[in-house]
There are 4 protein chains.
Amino acid sequence: MNKKTSIKDKIFAVAATHFANFGFEGARMDKIAKEACVNKASIYYNIGNKEALYAKVLNKAFDEGFGSFHDVIESSLSAREKLEAYIRHIAKALERNPILPKMMMREQLSQGRHMPESFAGNIVQMLDGLTAILNQGNEEGVFDVVDTVTIHFMIFGAMMFQMTSSPIRKKKKAFSNKYQPDPGILPQSVIDQITKAVLRAVKKEK
Amino acid sequence: MNKKTSIKDKIFAVAATHFANFGFEGARMDKIAKEACVNKASIYYNIGNKEALYAKVLNKAFDEGFGSFHDVIESSLSAREKLEAYIRHIAKALERNPILPKMMMREQLSQGRHMPESFAGNIVQMLDGLTAILNQGNEEGVFDVVDTVTIHFMIFGAMMFQMTSSPIRKKKKAFSNKYQPDPGILPQSVIDQITKAVLRAVKKEK
Amino acid sequence: MNKKTSIKDKIFAVAATHFANFGFEGARMDKIAKEACVNKASIYYNIGNKEALYAKVLNKAFDEGFGSFHDVIESSLSAREKLEAYIRHIAKALERNPILPKMMMREQLSQGRHMPESFAGNIVQMLDGLTAILNQGNEEGVFDVVDTVTIHFMIFGAMMFQMTSSPIRKKKKAFSNKYQPDPGILPQSVIDQITKAVLRAVKKEK
Amino acid sequence: MNKKTSIKDKIFAVAATHFANFGFEGARMDKIAKEACVNKASIYYNIGNKEALYAKVLNKAFDEGFGSFHDVIESSLSAREKLEAYIRHIAKALERNPILPKMMMREQLSQGRHMPESFAGNIVQMLDGLTAILNQGNEEGVFDVVDTVTIHFMIFGAMMFQMTSSPIRKKKKAFSNKYQPDPGILPQSVIDQITKAVLRAVKKEK
DNA sequence: CATGAATGAGCCTTCATTCAT
DNA sequence: AATGAATGAAGGCTCATTCAT
């Protein structure tokens, strides 16, 4: 990596956390620059404006998180194993890139105001992958007919909420003893719980 | 209702949609005032500052949405029926008050920055309710041991994502044919899918 | 005048000198605000943005300068007297409003980038007035056939250059003794010279 | 010309049009560099800063335009012929170098802020030349006593305004049919009109 | 009470200039 | 000599908030 790449990457990394934590409107170019140890004008020179920076961060987060996602589908596993892999992959992607779930949630909230069309395409690809798995399971006679989007959002929703709710559950006294999160960004225990629940949810009743 | 209350209510109603759609930082006092047909200074006179307005809106949304939630628990139904009722109640609350899921998601994203302690208490109450139901089901021998938080977030996550993803799925071409949402804020078909999936997910395997 | 008018007027007055002396790009909102003893945001509240301020200043200067110009034409004087009156009127307008010639010159230089269509209309009105006078003189047999635009620009050009060149002629040593301007913004001696020259220039040769 | 000179000349040429069209404050070093196909730092290395670039452009324009102006005066023509030549020369200079009138007007507007003393000297030289012509005409008994500066500004003013008003007259609808400029930077018809008018204006009445 | 007007602080962005290679 | 990258200092504009009537 030459110096240029490194400065851009530093900006992206810092901007990602700021956009994720404060949103597009809440993020401050000043603070991003300062935290990235670059001159503010440098961001404009290297990247463009706030909107361009946001778009780059969003795409980068998604690519890094779900870029190699189609690999799961192409394997020659059983539907059940594929679904497990699918969930595991999402979990690992979110865990590896904790910015991603936040940015995706923010995009949904703002009705995709800053979401590039390509981003939507990536999500459709994921849904298609899940559909294929569910269909295969149905053909194998192990999965019931279930709605792809519902299952997808159960997985995603549960994981994202688990992740984003952790700080609050630690912070607010009301949660003091009862519902404390396990340590870690997305603990294995949570992934297991979700996997178990989803596998049951799609399973064909005898 | 006297005039003052009605002014406040109008402000709250407008502010709710703005905070939900644009976030705390994205919402503009100017626009809220104009859309509520009140003078900007009137908001400050009647309510306080932006933060106070946000807090009021947040609490109001939650109270209206989940204020009477404990009623479900006190009934004398079976665990399965109670869980169905629990899901149905959440669905109805979210549907009746579409601002609520958005504000809750935003709160999670900002790590509860504006969330009052009472709000956290309400959520704990809900979780306690769900725990009671799940315990009852376990005692009845129909539910397996499952994690309350995971199940809660599956329900909530799926519903919220369904709701907030609708506009994007309509808007972005990538979703053109395949994953179009059913009409309505939170269609019955979606509620049914979620209910079915959750019931299976907690069900004890024989 | 109520207070509101007075603040706007103060802004306009200061802005006029700044736009005239520094041009649109050279003028600074900061300095205008400070010199007008108003908060910078106040300009935006009262008027809009820089472009709007400029347009207002430009129109105001023209209206104040040439607003009542058509009166000259409607009189029942001889062509010669009318032309004298025309020149006198322009001279008085420019003298009364020294901002005007500068702004008009700047507009020409920037190819009317900020010039509203109405402004152009006003100039056409002036030219029409001059054309009428010249035609009348031709019919009376005292004026030769001359180009309206040329005569107009001779009058205007001479006056404007006299006015705007004064500071330089005073400042630069090269002009030390010879070509010093008479005192005053647009001295009567200059007006007389121009009037004499123009009257000769249009006069029919016998 | 070696390479360095050619680079400088390219920069000067582009900078001239930019300074003329946008003014000192409106001109952008970035755009000048890009349009001149040189690196921005190259301008600073070769010439200095913006102010130095402007000064160079101004002087160059004047030298190219009026450098060999004194030749007119030294000829042995009649006063009338000399005046015609004087006007023709100014016209040709302006036509050959359309940047010049714009820059001179801008200098006047900014009260010679960037005008070097030598520049003022050149203008005085021109005025002296005109004075000599007018004096000669007076001695010959063909010219009346007239003010040099007034005549100079009539000539200059009329030409410059004709030139700089052309784009506006073409652009603004208000001028649609009536006052359209003849084609060309400074059409011969305009020069003829001005020459005719000026000759009359100075002519001795019998 | 209600409201039009005012404002200080801050935000995004640009620009002339310099640095480092 | 030449250039891509970097930057300090503004500049235009906005926004939450307060003032004054």
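We name chains A, B, ... by the order of the sequence lines, and we start the count at 1 in each one.
Between D:Arg28 and the phosphate of E:dT14, there is no side-chain N or O to OP1/OP2 separation shorter than 4.0 Å. The side chain of C:Asn49 contributes no N or O atom lying less than 4.0 Å from OP1 or OP2 of F:dG12. One finds no side-chain N or O of D:Asn46 lying less than 4.0 angstrom from the OP1 or OP2 phosphate oxygen of F:dA1. An OP1 or OP2 oxygen of E:dA5 is reached within less than 4.0 angstrom by a side-chain nitrogen or oxygen of C:Tyr45. The side chain of C:Asn39 places no N or O atom within less than 4.0 Å of a non-bridging phosphate oxygen (OP1 or OP2) of E:dA6. Contact annotation: D:Tyr44 side-chain N/O to E:dT17 OP1/OP2 distance is under 4.0 Å.
Which of F:dG12, E:dC12, E:dT17 sits closest to the side chain of D:Lys50 comes down to E:dT17.
A donor-acceptor contact under 3.5 Å links the side chain of A:Lys40 to the base of E:dT13.
Toward the 5' end of DNA chain F, the nearer of the two residues A:Ala41 and C:Asp30, judged by each one's closest nucleotide, is A:Ala41.
If you check every strand for non-hydrogen atoms under 4.0 Å, B:Ala27 touches sugar and phosphate atoms only.
With salt bridges taken as basic N to acidic carboxylate O contacts below 4.0 Å, none links B:Arg106 and A:Glu25.
Atoms CD1 (C:Ile11) and P (E:dA5) sit 12 Å apart, rounded to a whole Å. Atom pair C:Leu53:CG and F:dG12:P shows a separation of 11 Å (rounding to whole Å applied). Distance CD1 (A:Ile43) to P (E:dT13): 10 Å, rounded to an integer number of Å. Remark: P of E:dT3 and NZ of B:Lys34 are 15 Å apart, rounded to the nearest angstrom. Remark: P of F:dC19 and CD1 of C:Ile7 are 17 Å apart, rounded to the nearest angstrom. The separation between B:Glu25 atom CD and E:dG10 atom C1' is 14 Å, rounded to whole Å. As rounded to whole Å, 15 Å separates atom P of E:dT3 from atom CE of B:Met29. Spacing between atom CD1 of C:Ile47 and atom P of F:dC13 amounts to 12 Å, rounded to whole angstrom units.
In this structure, E:dT7 forms a base pair with F:dA16, meeting either the Watson-Crick or the G-U wobble geometry with both donor-acceptor distances under 3.5 Å. With both pairing distances under 3.5 Å, E:dA2 is matched to F:dT21 as a Watson-Crick or G-U wobble pair.
Under the 3.5 Å distance criterion, the side-chain polar atoms of A:Lys60 are left unmatched by any main-chain donor or acceptor of A:Asp9. The backbone N or O of C:Lys34 lies less than 3.5 Å from no partner atom in the side chain of C:Lys40, so there is not a single donor-acceptor pair.
For the side-chain contact (heavy atoms from CB on, under 4.5 Å) test with A:Leu53, the passing option among A:Phe19, A:Phe24, A:Tyr44 is A:Phe19; the others fail.
Defined by atom type and a distance below 3.5 Å, a donor-acceptor pair is present between the side-chain atoms of C:Asn46 and C:Ser42.
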